[in-house]
Structures are given as C-alpha cells and as structure tokens.
Amino acid sequence: EHGRRGRQRHFEAGEMVGAEERVVGARAHLQIVHALAQARMRHLGRNGLVTFFAPLVAVIVLSAVMSTTDRLMLTIGSYVSWDVYKQFVNKDASEKSITLLSRVSIGLATVITLYMAWSNPPELLAWLIWMGIGVMLACFVTPLFAGLYWRRATREGALASMIVGLVGISVISYAQYIKLIALPMHPSMYGLILSLAAMILVSLATKKPSEKVLDETNTGMFIRQPRA
C-alpha cells in the first residue's frame with residue numbers, strides 16, 4: 001500500500017512537471033511565433049509597405065504643395081494686376097495689359113521664390129512661416145473681428161489697423177533681429193496690440209457707419225431672430 005501511494009505521488013509529480021513543461025513549451029512557441037511575426041512586419045515595413053506607400057504619399061504631398069503654390073501664384077498675379085495696377089495706377093487699363101502684367105508678376109514671384117528656397121531652406125522656411133502667421137495676425141485679425149462684431153468700427157479704422165499692425169510688426173521684428181531689444185513674446189503679439197489700439201482710436205475719431213448698413217450686414221454681438 002505504501003509503495004502504491006508512493007508510485008502514485010511520483011506519477012502525479014511527473015504529470016505536474018510534464019504539464020509545466022508543456023506550458024513553458026507552448027509559451028516559448030508563442031514567443032517565437034510572435035517574434036517571427038514582428039520580424040515579418042518589420043521586413044514588410046522596410047520593403048513592401050514602404051515601396052508601396054512611399055510613391056503614394058509623395059504624390060499626395062506634391063499634389064497638395066503644387067495646388068497651394070498654383071493658387072498663391074494666381075493670387076499674386078491677380079493682386080498686382082487688378083487690385084494695384086487697375087485700381088490705383090491705370091483705371092483704364094485694357095484686359096490684355098492686365099493679363100500680361102499678371103503673367104510677369106507670376107514669373108517674377110516664381111524666380112524670387114526659387115532663389116529664396118535655394119538659398120537657405122530650413123531657416124528661411126521657419127522664418128517665412130512665422131512671419132506669415134504673424135503678419136496675418138497683426139494686420140487682419142483685428143479688422144476682421146471688429147468689422148463683424150463692433151458696430152462702431154469704420155473703414156478708416158480698419159485701414160489704420162492694418163497699416164499700424166504691418167509697420168509695428170516689421171519694426172519690432174527688425175529690432176529683435178539686430179538684437180536691439182529682447183522680447184518675451186513673438187513680435188506679432190505686439191503688432192496685434194498696436195493694430196487693436198489703432199482700430200479703436202481711429203474708429204472713434206471718424207464717422208460711424210449708418211444703422212441701415214449695420215443692420216443689413218448683421219454687424220454686432222447679436223443673433224438675428226427669425227421673422228414670424
């Protein structure tokens with residue numbers, strides 16, 4: 001009896017050890033399969049997926065860049081020929097001369113852009129992005145919101161706001177560039193403050209727009225109620 005129980009305990013211990021070995025073996029097998037799968041995915045990522053997606057991504061990015069560039073070039077040509085030349089220089093200009101001036105403007109803008117991009121791309125790109133955002137913030141944000149929500153805003157105030165904002169950010173940026181001053185914030189914030197001050201002061205000093213125009217354009221801090 002004693003020998004039979006001993007053999008049984010030995011058998012049970014062997015079964016437990018065998019079960020543990022099978023568990024460890026299965027776990028090791030899963031780890032090996034997982035490692036092989038990861039290696040396979042890395043191989044596909046380095047070869048198959050990159051080879052497949054790289055041209056697609058390049059085409060998408062280049063399409064976005066080219067469409068944006070085309071739109072900006074057309075805007076430059078239209079601005080120079082119509083908004084500047086036609087409106088202020090020669091109001092009787094023919095359509096042929098305006099088209100020619102637009103094409104010349106686009107050509108010059110393209111040459112200047114290529115030269116600037118070739119000279120020092122990383123620093124120049126960062127500078128252009130920050131200056132572009134900063135100039136838009138300092139010049140256009142105040143007149144835009146004032147024209148939408150402030151009924152006392154005037155045309156003269158908007159013009160003064162844009163001019164003061166542009167001059168302010170230009171002067172402050174140059175002073176910071178030559179290390180004449182050290183500012184804790186981007187120059188655009190100071191240009192925005194100057195633009196806001198000019199908008200308020202000049203608008204209050206000039207004639208207020210008529211109430212009819214303000215009502216027709218829905219100007220002010222209100223939501224028009226629907227008519228019954």
When rounded to the nearest 0.5 angstrom, what is the spacing between [atom1] in [X] and [atom2] in [Y]?
X: Ser97; Y: Asp92; atom1: OG; atom2: CG; result: 10.0 Å
X: Lys86; Y: Ile98; atom1: NZ; atom2: CD1; result: 4.5 Å
X: Ile106; Y: Arg103; atom1: CD1; atom2: CZ; result: 9.0 Å
X: Met73; Y: Thr110; atom1: CE; atom2: OG1; result: 4.0 Å
X: Leu192; Y: Met199; atom1: CG; atom2: CE; result: 12.5 Å
X: Ile76; Y: Asp83; atom1: CD1; atom2: CG; result: 12.5 Å

Problem - Qualifying residues under side chain to side chain contact (heavy atoms under 4.5 Å, CB included), relative to Leu159, sequence neighbours excluded - result: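 Testing Leu159 for side chain to side chain contact (heavy atoms under 4.5 Å, CB included), a comparison that skips the adjacent residues, returns Arg155, Met162.
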
Exercise for the section: Using side chain to side chain contact (heavy atoms under 4.5 Å, CB included) as the criterion, list what pairs up with Leu196, not counting sequence neighbours. Expected result: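 Here the qualifying residues are Thr142, Ile200.
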
Mind listing the closest non-hydrogen atom pair of [X] and [Y] along with its distance?
X: Gly147; Y: Ala153; answer: N-CB, 4.4 Å
X: Gly157; Y: Ser203; answer: CA-OG, 3.6 Å
X: Leu137; Y: Ser188; answer: CD2-OG, 3.8 Å
X: Ser78; Y: Ser102; answer: N-OG, 4.1 Å
X: Val80; Y: Ser105; answer: CG1-OG, 3.2 Å
X: Ala198; Y: Ala160; answer: CB-O, 3.9 Å

ILVMFWY network linking [X] to [Y], side-chain heavy atoms under 4.5 angstrom:
X: Tyr79; Y: Tyr85; result: yes
X: Leu144; Y: Met189; result: yes
X: Leu201; Y: Val164; result: no
X: Leu183; Y: Met185; result: yes
X: Phe88; Y: Trp82; result: no

Practice task
Evaluate the side-chain proximity of Thr99 to Glu95: yes if any heavy-atom separation is below 4.5 Å, no if none is.
Solution key: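 Yes - at least one pair of side-chain heavy atoms lies under 4.5 Å apart.
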
Practice task
May I ask you to test the Pro209-Thr154 pair for a side-chain heavy-atom distance under 4.5 Å?
Solution key: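 Yes - at least one pair of side-chain heavy atoms lies under 4.5 Å apart.
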
Handout entry: Check against side chain to side chain contact (heavy atoms under 4.5 Å, CB included), Arg152 and Leu204
Key = CA-CA 7 Å; Arg152 192 61 182 82; Leu204 293 177; 3.8 Å; yes

Short side-chain to backbone donor-acceptor contact, [X] and [Y], under 3.5 Å:
X: Thr219; Y: Leu148; value: no
X: Ser195; Y: Cys139; value: no
X: Ser81; Y: Gly77; value: yes

Exercise for the section: Could you tell me which residues satisfy salt bridge (charged side-chain N to carboxylate O under 4.0 Å, His left out) with Glu211, sequence neighbours excluded, listed by chain and number? Expected result: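 Expected list: Arg151, Lys208.
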
